[in-house]
Amino acid sequence: MPRVRSAEFFPRLMSAAAETFIAHGFQRTQMQDVADALGVAKGTLYGYVENKAALLAAVVRYADGVEQPPGLSELPVPALAEGELAALVTDRLGREVAELRLVKAMAGRRRQPVADELTGVITDLYQRLARHRVSIKLVDRCAPELPELGEVWFGTGRSELVSALTDYLARRAATGVVRLPGPGPVVARTILETCVLWAVHLHWDPAGDRELPPPDTMAAALAGLLTHGLVSTRGQT
């Protein structure tokens, strides 16, 4: 008999699968685990995704609400060919990096006090991380188990962002408007990891409170804290 699908069930599946993959990783997670979390038969899931790899890819694409979910006629989400998941993550990273205020600040002439510019760079970075929170946590958890994904995530993805931040800080330090308290890569990595901690990881901290302040509030707080420690007197004007 054909499986009956529901548009309301797909978001629930994405949420339950995300939490299960994040808790157990890709290899240990079984389709039955996700079905149990939803209180449905395992066979129900195969009306929405063809297999576990397709489920992982669907969660990366849809769990954050960045992309519209597929229509019922497009289900089940098909199994991926080799390299497709890495390509999906590479594409998402590429689109986000191209729009970063950091990239635009490096490409253009500085037209505002560096304190305002740096605040904008950090705020924008935080907000983008928060918007993709689930997929970032998911990929960070599963990438060590999936070599093609690990190469993208731990190689080009994170290192290129740290390099871009390092370059930006070095350029501003060279003009005297930014003071670096240590090596540029260390400062850049500290900015990135601080934003990732608050925008992403603390939402899954078992010892913490998931009801964290809204992204705009946290972005402003971190931008103020980090900017204050980096901008010299010359950078205030």
Side-chain angles (χ1 to χ4, degrees), residues 1-100 128-161 196 199-201 203-204:
M1 295 181 61
R3 293 188 174 100
V4 177
R5 303 183 183 101
S6 163
E8 290 75 22
F9 183 78
F10 191 80
R12 292 177 54 213
L13 172 59
M14 294 299 97
S15 178
E19 293 299 321
T20 307
F21 280 129
I22 288 169
H24 304 298
F26 180 75
Q27 301 296 348
R28 289 179 56 203
T29 292
Q30 302 299 316
M31 296 292 275
Q32 186 65 58
D33 298 327
V34 180
D36 289 345
L38 290 163
V40 300
K42 183 173 70 171
T44 302
L45 307 188
Y46 293 103
Y48 296 86
V49 294
E50 285 195 355
N51 58 24
K52 186 170 72 168
L55 179 58
L56 177 65
V59 176
V60 171
R61 289 187 65 181
Y62 303 117
D64 286 300
V66 175
E67 293 188 45
Q68 288 295 316
L72 294 180
S73 63
E74 301 171 273
L75 300 175
V77 175
L80 298 181
E82 184 176 353
E84 277 193 289
L85 181 58
L88 171 66
V89 173
T90 299
D91 180 66
R92 176 86 69 90
L93 283 170
R95 283 186 278 117
E96 286 297 320
V97 169
E99 294 299 319
L100 280 172
R128 289 178 188 277
L129 291 167
R131 189 159 58 247
H132 298 273
R133 174 182 299 134
V134 177
S135 58
I136 290 171
K137 185 68 175 179
L138 179 69
V139 172
D140 195 64
R141 177 66 175 86
C142 296
E145 303 174 14
L146 302 169
E148 67 177 49
L149 190 58
E151 183 177 348
V152 171
W153 186 246
F154 296 116
T156 55
R158 184 176 297 179
S159 64
E160 286 184 1
L161 186 51
V196 172
V200 180
H201 295 313
H203 291 266
W204 282 271

Revision key, fill the gap. Glu8 meets the side chain to side chain donor-acceptor pair (under 3.5 Å) criterion, sequence neighbours left out, with Ser6

Point to revise | Residue pairs, two or more places apart or on separate chains, that pass salt bridge (Lys or Arg N to Asp or Glu O under 4.0 Å) and touch residues 42-61 | key: Arg61-Glu67

Point to revise | side chain to side chain donor-acceptor pair (under 3.5 Å) partners of Asp33, counting only residues at least two apart | key: none

Check your understanding: Say you draw a straight line from CD of Glu145 to CD of Gln27; how long is it, rounded to the nearest 0.5 Å?
Key -> 5.0 Å

Review point. Got a donor-acceptor contact below 3.5 angstrom from the Thr29 side chain to the Phe26 backbone?
Key: no

Revision key, fill the gap. Residue pairs meeting ring-ring contact (aromatic ring centres under 6.0 Å, His included), one or both in residues 68-99, sequence neighbours left out, come to none

Point to revise | Separation of His132 NE2 from Asp64 CG (nearest 0.5 Å) | key: 7.0 Å

Review point. Taking the side chain as C-beta and beyond, is there a heavy-atom pair between Asp140 and His201 under 4.5 Å?
Key: yes

Acceptor/donor pairs from residues 73-89 side chains to any protein atom, 3.5 angstrom cut, sequence neighbours excluded:
| unit_1 | atom_1 | unit_2 | atom_2 | d |
| --- | --- | --- | --- | --- |
| Glu74 | OE1 | Gly71 | N | 2.6 |
| Glu84 | OE1 | Ala81 | N | 2.4 |

Check your understanding: Who are the side-chain contact (heavy atoms from CB on, under 4.5 Å) partners of Ala199, not counting sequence neighbours?
Key -> Tyr126, Leu129, Ala130

Review point. Who pairs with Arg133 by side chain to side chain donor-acceptor pair (under 3.5 Å), at least two apart in sequence or on another chain?
Key: His203

**Study point:** Listed partners of Val97 passing side-chain contact (heavy atoms from CB on, under 4.5 Å), at least two apart
**Key:** Leu100, Val103

Revision key, fill the gap. Sequence neighbours excluded, the answer for side-chain contact (heavy atoms from CB on, under 4.5 Å) partners of Arg28 is His24

Point to revise | Working for side chain to side chain contact (heavy atoms under 4.5 Å, CB included), residues Trp153 and Leu93 | key: CA-CA 9 Å; Trp153 186 246; Leu93 283 170; 4.0 Å; yes

Check your understanding: Under the 3.5 angstrom rule, does the side chain of Arg92 hit a backbone N or O of Val60 as a donor-acceptor pair?
Key -> yes

Review point. Looking at Leu72 and Ala7, what are the two nearest heavy atoms and their distance?
Key: CD2-N, 3.7 Å

**Study point:** Short side-chain to backbone donor-acceptor contact, Arg131 and Val66, under 3.5 Å
**Key:** no

Study note, to complete from the structure: The side-chain contact (heavy atoms from CB on, under 4.5 Å) partners of Leu38 (sequence neighbours excluded) come to Phe9, Arg12, Leu13, Ala16, Val34, Val40, Leu45

Review point. Does any pair with a residue in residues 63-98 pass ring-ring contact (aromatic ring centres under 6.0 Å, His included), and if so which ones, sequence neighbours excluded?
Key: none

Check your understanding: What pairs with Asp36 under side chain to side chain donor-acceptor pair (under 3.5 Å), at least two apart in sequence or on another chain?
Key -> Gln32

**Study point:** Rounded distance [0.5 Å steps], CD in Glu19 versus CH2 in Trp204
**Key:** 6.5 Å

Exercise for review: Would you indicate whether the side-chain heavy atoms of Leu138 and Leu56 approach each other to under 4.5 Å?
Suggested key: yes

